[in-house]
A.B. asks: 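Please see the structure below; I have some questions.
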Number of protein chains: 2
Amino acid sequence: MSDSKIRNMEEFASVSGISRPTLSKYFNDPESVRASTRKKIESALETYDYRPNIYAMNQNRRLTKNIGIVVPYLADPFFAEIARIIENLVIEGGFRPILLSSHGGTRQEIENLDSLRSIRPAGVLLAPLGRRSDVSAIESFCAEVPTVLFDNSIGDLGEAFFGLNNPQSVGLMVEYLCSTGEAPVFFEMRTPTNPNAYKRRSAYLGTMEKLGQTPQLIQIEGETWDFEAIGYEGGLKAIRHRQLGTNTVLCSNDRLAIGFLAAAYECGLRVGRGPGTALRVAGHDDHPYARFTCPPLTTVTQDYAAIATRSVEAILDLIESGERRDSRDTVLFAGTLIERESA
Amino acid sequence: MSDSKIRNMEEFASVSGISRPTLSKYFNDPESVRASTRKKIESALETYDYRPNIYAMNQNRRLTKNIGIVVPYLADPFFAEIARIIENLVIEGGFRPILLSSHGGTRQEIENLDSLRSIRPAGVLLAPLGRRSDVSAIESFCAEVPTVLFDNSIGDLGEAFFGLNNPQSVGLMVEYLCSTGEAPVFFEMRTPTNPNAYKRRSAYLGTMEKLGQTPQLIQIEGETWDFEAIGYEGGLKAIRHRQLGTNTVLCSNDRLAIGFLAAAYECGLRVGRGPGTALRVAGHDDHPYARFTCPPLTTVTQDYAAIATRSVEAILDLIESGERRDSRDTVLFAGTLIERESA
DNA sequence: TTAAAAATTTTACGCGCGTAAAATTAATGG
DNA sequence: CCATTAATTTTACGCGCGTAAAATTTTTAA
């Protein structure tokens, strides 16, 4: 390996014996040059330590090779996990992922979009905050940058949307719970931060009605993204005030359920479905930690991989075609029941 | 708001009545221009929609306004949380955080460093993988870019290091456990991915010896970052094979403890310190979920905020001074015992 | 009021690469 | 082997901004 460090493409052109425009073509798309040329370049690349200046590259390119990924709250393992999958797919697709978390706040979400704008990404994968999102900010962003929404939808914004079929998945769970024991109450936040929560509520209500059961909602307060803490506090209150009209609790998501389980434990209520148990608790999402609660949490999976894969495919298609879609592609994936010990 | 979109600094100069070089100065550091000028610029900025091209800006600047943040595994809420704090501090400091996760893999860590190199960051905050890190890759990176290490140290690499005082924190826990019940066995991975784990092991051994107790290690297999799963599997084995020579288990970290608790639950062992309990289990780190295990996990906190704050301060100092340190600043923060129900 | 200091403006060049157009060379097929 | 087609090289310009140096204006201090 020669120590001589190459400063720019010009210099690399002279040492490699390839003209600079051809090198430029190569770095934009290695497949766009003749195989023999590519080989020459790549062997020169092994000998000399050169990489194009990323800023100069992106300055004049109408489209960069960046794909933005925005999630509402990265400290939530659900989003961390899906972001991880997406990142890898984006890299495989030959793009550079730029991962941003909105940390649960409207301002941060707007700043993330602004920040992405100044980066001129080829496309963006956006999981919006939901209720707290500034709809018009997202709308104008989608107008500027090809954007695919996932996890939760805001109106019909974005070129495509991939998420969970909440009516199906909640219906599945409610039917399971009703057929194996008492009908569940629905444990949720009164003003959820996430639109999916509203869909789950109405799915619960709908399914209960269909089954001829009387629905009951326990709606707890809370405005933050500390769902475990909210579920715990709300759970304590609900249990102590005997608000649970049944022995079965369906939580709007797994993180609330984890908090609820802690509350039940503290109150000495044994959770599970066997003999000697006082309460059945179910969640929703198959959170990475759901396997490890005590007892392990019965829940509904979201197919992380499918959502991630389809989202990335969609944005890559959009980028490649260079066009906007005339119709918005919306796919809701079915959830699968994960039967564990808690319900 | 005028609709006329400004294309470049030249154009913004003419509409704002400020010369382009002064604007350039302003965008590099708003404080560097006269207050009256700044005011003019800022009011023009409200009227016209202009933002400098980030690529053109960074092309010629010797130092960008980017600060890289690399964590070993972002799907671990511990790192997600500390990354969140660091991100905010970096933004407050007037820099742009670039968050990258190594996803537990050597190759990804190297790629992250490579990727950062091509971005020419002003500085980098690096929490290395540990045992799996390519030491020479990190070394050469530190030589090129001002780098502060946190969470775990690799030799004396980096301009500074901020982390936890493992001997102190583990000592604290061992003494607490010994003084309130049986002496603990130490539950850990045989070949931990994280150097802190080795320090914790020897801290355990040292403290036990000091207290005149016989140390015992339970070392489980596992190479991934799925610590909960590893702790669960290992816990099942240890319990079923009656490898626990005592009723008290100290886990090398909270994630292992969460898995171990699930195993204990499955085996019907009641965990806690009150009457009718079979086992005491303690962890280490005060993981965000430790409050919500059943029972709540007794553990030792790491002062996330202190580590984050000092790390960011250090890198900002380095950047500002423009010099490398002659001595490496190393601070190990003391842990605090968090007494909950599990031990 | 005036001289000195500080900030701004003018002028001018460079950064590293994208990219267009024309000229040249190489690959392909019959 | 030659004609056709495809790829590469040459040449040249532009992108948006950083930044240096000299000229000018504004501010500050005396």
Side-chain angles (χ1 to χ4, degrees), chain A residues 4-45 48-66 96 117-122 322, chain B residues 4-45 48-66 94 96 117-122 319 322:
Chain A
S4 60
K5 281 180 187 172
I6 276 70
R7 307 163 145 228
N8 54 35
M9 206 179 271
E10 198 78 53
E11 222 170 286
F12 184 64
S14 55
V15 299
S16 65
I18 307 287
S19 75
R20 196 177 65 71
T22 303
L23 287 176
S24 178
K25 267 194 89 180
Y26 168 84
F27 285 115
N28 278 316
D29 178 9
E31 301 296 315
S32 68
V33 304
R34 204 187 293 145
S36 60
T37 311
R38 197 182 320 142
K39 214 172 161 185
K40 274 193 223 165
I41 296 175
E42 275 158 7
S43 76
L45 233 29
Y48 302 95
D49 181 29
Y50 168 73
R51 53 204 321 164
N53 179 310
I54 201 170
Y55 297 110
M57 276 181 66
N58 284 330
Q59 177 172 17
N60 304 315
R61 247 216 277 277
R62 51 145 70 118
L63 241 50
T64 67
K65 282 281 188 179
N66 299 325
R96 227 172 77 79
R117 237 189 285 256
S118 70
I119 279 179
R120 295 206 321 273
Chain B
S4 58
K5 280 179 189 172
I6 277 68
R7 308 163 144 223
N8 55 33
M9 208 179 268
E10 197 79 52
E11 221 170 288
F12 185 64
S14 56
V15 299
S16 64
I18 307 286
S19 76
R20 194 177 68 71
T22 302
L23 288 176
S24 177
K25 267 193 90 179
Y26 169 83
F27 285 114
N28 278 314
D29 177 10
E31 301 296 317
S32 68
V33 303
R34 205 187 292 146
S36 59
T37 310
R38 196 182 322 143
K39 214 171 160 186
K40 273 192 223 165
I41 296 175
E42 275 159 7
S43 76
L45 232 29
Y48 302 96
D49 181 29
Y50 168 71
R51 52 200 326 160
N53 179 310
I54 201 170
Y55 297 110
M57 276 180 68
N58 286 330
Q59 177 172 15
N60 303 315
R61 247 216 278 277
R62 54 142 74 114
L63 243 51
T64 66
K65 282 281 189 181
N66 299 325
R96 227 172 77 79
R117 237 189 285 257
S118 70
I119 279 179
R120 293 210 317 276
I319 293 168

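What you are looking at is a predicted structure, and each value in this text was computed from that prediction instead of being measured. Numbered from 1 within each chain, the chains take letters A, B, ... in sequence-line order.
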A.B. asks: How is A:Y26 classified with respect to the nucleic acid when contacts are heavy atoms under 4.0 Å: base, sugar-phosphate, or nothing?
C.D. replies: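 Touches nothing.
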A.B. asks: Take atom CG of B:N8 and atom C1' of D:dG14, then tell me their distance rounded to the nearest Å.
C.D. replies: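 Nearest whole value for this atom pair: 12 Å.
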A.B. asks: Round to the nearest Å and state the distance from B:I6 atom CD1 to D:dC17 atom P.
C.D. replies: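 Nearest whole value for this atom pair: 12 Å.
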A.B. asks: For B:N60 and C:dG14, give me the distance from atom CG to atom C1', rounded to whole Å.
C.D. replies: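 After rounding, the reported distance stands at 7 Å.
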A.B. asks: I need the CD-C1' distance between B:E11 and D:dC15, as an integer number of Å.
C.D. replies: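 Rounding to the nearest Å, CD of B:E11 and C1' of D:dC15 are 14 Å apart.
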A.B. asks: According to side chain to side chain contact (heavy atoms under 4.5 Å, CB included), who are the partners of B:N8, at least two apart in sequence or on a separate chain?
C.D. replies: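 Scan of B:N8 (side chain to side chain contact (heavy atoms under 4.5 Å, CB included), adjacent residues dropped) gives B:E10, B:E11.
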A.B. asks: What's the separation between atom CD in B:E42 and atom OG in B:S16, rounded to the nearest 0.5 Å?
C.D. replies: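 If I round to the nearest 0.5 Å, the distance is 12.0 Å.
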A.B. asks: Quick one, give me the B/S/- string for nucleotides 4-12 of chain D, reading 5' to 3', where B means a protein heavy atom under 4.0 Å from the base and S means that only happens at the primed atoms, P, OP1 or OP2.
C.D. replies: ---SSBBBB
A.B. asks: Nearest 0.5 Å, please: how far is CD1 in A:I18 from OH in A:Y26?
C.D. replies: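 CD1 of A:I18 is found 10.5 Å from OH of A:Y26.
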A.B. asks: Between D:dG16 atom C1' and A:Q59 atom CD, what is the distance in whole Å?
C.D. replies: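 The distance from CD of A:Q59 to C1' of D:dG16 comes to 5 Å, rounded to the nearest Å.
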A.B. asks: Going from CZ on B:R96 to CD1 on A:I119, what distance comes out if it is rounded to the nearest 0.5 angstrom?
C.D. replies: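 Answer for the CZ-CD1 pair, B:R96 versus A:I119, is 4.0 Å.
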A.B. asks: From CZ of A:R7 over to C1' of C:dG14, roughly how many Å is that when rounded to an integer?
C.D. replies: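 After rounding, the reported distance stands at 13 Å.
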A.B. asks: Please state how far atom CD in B:E31 lies from atom P in C:dT8, giving the value in whole angstrom units.
C.D. replies: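 One finds 12 Å between P of C:dT8 and CD of B:E31, rounded.
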A.B. asks: Is any side-chain heavy atom of A:M9 less than 4.5 Å from a side-chain heavy atom of A:Y50?
C.D. replies: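 A:M9 reaches A:Y50 side chain to side chain.
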A.B. asks: To the nearest 0.5 angstrom, please state how far the CZ atom of A:R51 sits from the CZ atom of B:R117.
C.D. replies: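 Rounded to the nearest 0.5 Å, the CZ-CZ separation comes out at 7.0 Å.
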A.B. asks: Rounded off to whole Å, could you give me the CZ-to-P distance for the B:R120 and D:dG18 pair?
C.D. replies: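 To the nearest whole Å, that distance equals 12 Å.
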A.B. asks: Between the side-chain atoms of A:N53 and the base atoms of C:dC17, is any donor-acceptor pair under 3.5 Å?
C.D. replies: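 Not at all, since no donor on one side and acceptor on the other fall under 3.5 Å apart.
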A.B. asks: What distance separates B:S36 OG from B:I41 CD1, expressed to the nearest 0.5 Å?
C.D. replies: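 That separation rounds to 9.5 Å.
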A.B. asks: Below the 4.0 Å mark, does C:dC17 have OP1 or OP2 next to a side-chain nitrogen or oxygen of A:Y50?
C.D. replies: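 For C:dC17, OP1/OP2 do have a side-chain N/O of A:Y50 under 4.0 Å.
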